[in-house]
Number of protein chains: 2
Amino acid sequence: MSYPPGFRIERERTRPEKAGDVARSKAIQAAIELFSTSGYNKTSIAEVALRTGLSQSGLLHHFPNKTALLTAVLEQREKEDSEFLFGEGEPPLGWAAFDSLVALVARNSTRPEWIGLFVRISAEATEASHPANRWMLDHYSSVRAWLTRALEHGKENGEVIPDAPVDAIVRNTIAVLDGLQQQWVAEPHSMSMVAELRVYLHQLHTVWGTA
Amino acid sequence: MSYPPGFRIERERTRPEKAGDVARSKAIQAAIELFSTSGYNKTSIAEVALRTGLSQSGLLHHFPNKTALLTAVLEQREKEDSEFLFGEGEPPLGWAAFDSLVALVARNSTRPEWIGLFVRISAEATEASHPANRWMLDHYSSVRAWLTRALEHGKENGEVIPDAPVDAIVRNTIAVLDGLQQQWVAEPHSMSMVAELRVYLHQLHTVWGTA
DNA sequence: GTCTATACCTCGATAGAC
DNA sequence: GTCTATCGAGGTATAGAC
C-alpha cells in the first residue's frame, strides 16, 4: 500500500480520524447494539469483539478496557443527539424547546438501539459505582438546565404564565420522556411515543401557556 | 427449648409459615436491599447469603436457585403494594385512583429500597430473557387496566370529560411515576416526588376534568 | 494491529458430611 | 438445616508471538 504524496494530509483534512480507526468505529457500533439490549454490565467485551470481527485482545488494542468502550459509546450518543437538537446554532427556547424534544424522540423511534441504550445505561448508572454514573448525572443536569432556561425565557416572552412551577415542569417532562422510552423498549409495537407526548405537551400548553 | 402443649398449633393458626422460615424472611429482606442498589444481575447470591448470616449453600437450601429468590422478592413487593392500594376492598376509581398512586409514592419515599428495587428490576427486565420479564409485563398491564377503568368510570361519572384520551393519559401517568422514581433514585435529596406529582395531577384535572 | 495463550477472578450450582 | 468442598462456566485483562 503506497499513497500518492499528500494523501495522508488530504485525508486528515476531510476526516480527522486516523486510518486504523475503522475497526474502532465498527466496535463502537457493535457495542451500541449490545449495550442497548443487554446493558453494560451483562455485555461481555468478547461478544463485542465477535461482532466487530476481532478477537477479544484485538478489540482491547483499541480500547484499554471495557470502561473506555462505554465512554466512547456515550460520547458518540451525546454528540449525535446534541447535533440534532442544537445543530450549529443556539438551543431553542420557550415551548419550542419542548417541541424539539418530541422531534428527537420521533427520530430516535427509527433507531431503536438508541432508545434501548439510553434506557438500560441510565438505569444501571443510578448506582454510584457504575462507570456511567457521572455521565448520567451530568446529562440530566444539563437537560434540566436547558429546559429551565427555556421556560424562564418563555416567561419573559409572555409564552409561559409567570407563576408556572418551572422545576416541577422540567422534572416531570424528563420523567415522561424517560418513562415512555422504557415502556416502548419493553413493548415497541404497543404504542407511539410521539402520540403520547403530544397529549402531554397539550396539557402543558393548556395549563401553563398564555392562550 | 421445650414448648407448652399446643404451642405449635397456636403458632400455625396465627402465622401460616413453618418455623424454619425465619431464615427465608431474612434472606428475602437481604435480597431486597441488594437488588435495590445493584439490580438482580449484578447481585451475587453469595452476598445475599452473607447478609442473611448463612453460607451460600445454606441460602440455596431455602431457594432452589437465584431466580426463585427473585420471585419471592417480587411476590412480596406485589403483595405489600396492592394491600396498601386496595386493602380488602375495591380499587379506587375516577381521579381517586390517581390520588392513591400519589399516596403510594409518598409512602414508598420512606422506604428507598422499594423505589430502588422497582427502578432497577423493571429496567433490567425490559430484556426478554430476564427472569422478571413476564412479571414486569404483567405488572404494567395490570396497572394500565386499572387506570383505564378508573378513567372510564370517571367519564360515566362526569368527573372526566368524555373525549379525554384515555390511553395516552394512562401511559403518560405511568411514565411520570417511573421517570420520577428514576430521578429520585439517582439523587434522592434533590427533589420531592410527591410535589412534582401534584403538579402533574393538577394538569390532568385542569385539562381533562370537569370543573 | 491482530492473534493465541493464559492468569486470575467471580459466579451459580451440586455433592455429600454433619 | 447448615456447612465445606468443588466443579464448570464465563468474565476481564495481560504477555508475548507474528
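Lettering of chains follows the sequences in order, A, B, ..., and the numbering in each one begins at 1. Just so it is clear, the structure is predicted and the values come from calculations on it, not from any experiment.
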### Task
Sugar-phosphate means primed atoms, P, OP1 and OP2; the rest is base. With that split, encode nucleotides 5-18 of chain C 5' to 3' as B, S or - using protein heavy atoms under 4.0 Å.
B-----SBBBB---
### Task
Tell me, please, which residues at least two apart from A:R120 pass side chain to side chain donor-acceptor pair (under 3.5 Å).
B:T126
### Query
What pairs with A:H61 under side-chain contact (heavy atoms from CB on, under 4.5 Å), at least two apart in sequence or on another chain?
none
### Task
Could you pull out all residues at least two apart from B:P92 that satisfy side-chain contact (heavy atoms from CB on, under 4.5 Å)?
B:F86, B:A96, B:S100, B:W146
### Query
Does B:T43 have any side chain to side chain donor-acceptor pair (under 3.5 Å) partners at least two apart in sequence or in another chain, and if so, which?
none
#### Entry: B:H62 side-chain N/O to D:dT2 phosphate OP1/OP2 under 4.0 Å
yes
### Between C1' of D:dT14 and CZ of A:F63, the distance in whole Å
18 Å
### Between C:dG1 (P) and A:K26 (NZ): distance, integer Å
15 Å
### Message
Can you list everything that forms a side-chain contact (heavy atoms from CB on, under 4.5 Å) with B:A46? Sequence neighbours excluded, please.
### Response
B:S44, B:Q56
### Summary
Between NE2 of B:H61 and C1' of D:dT4 the distance, given in whole Å, is 16 Å
### Message
Quick one: does any side-chain atom of A:Q182 pair with a main-chain N or O of B:A175 as donor and acceptor, under 3.5 Å?
### Response
no
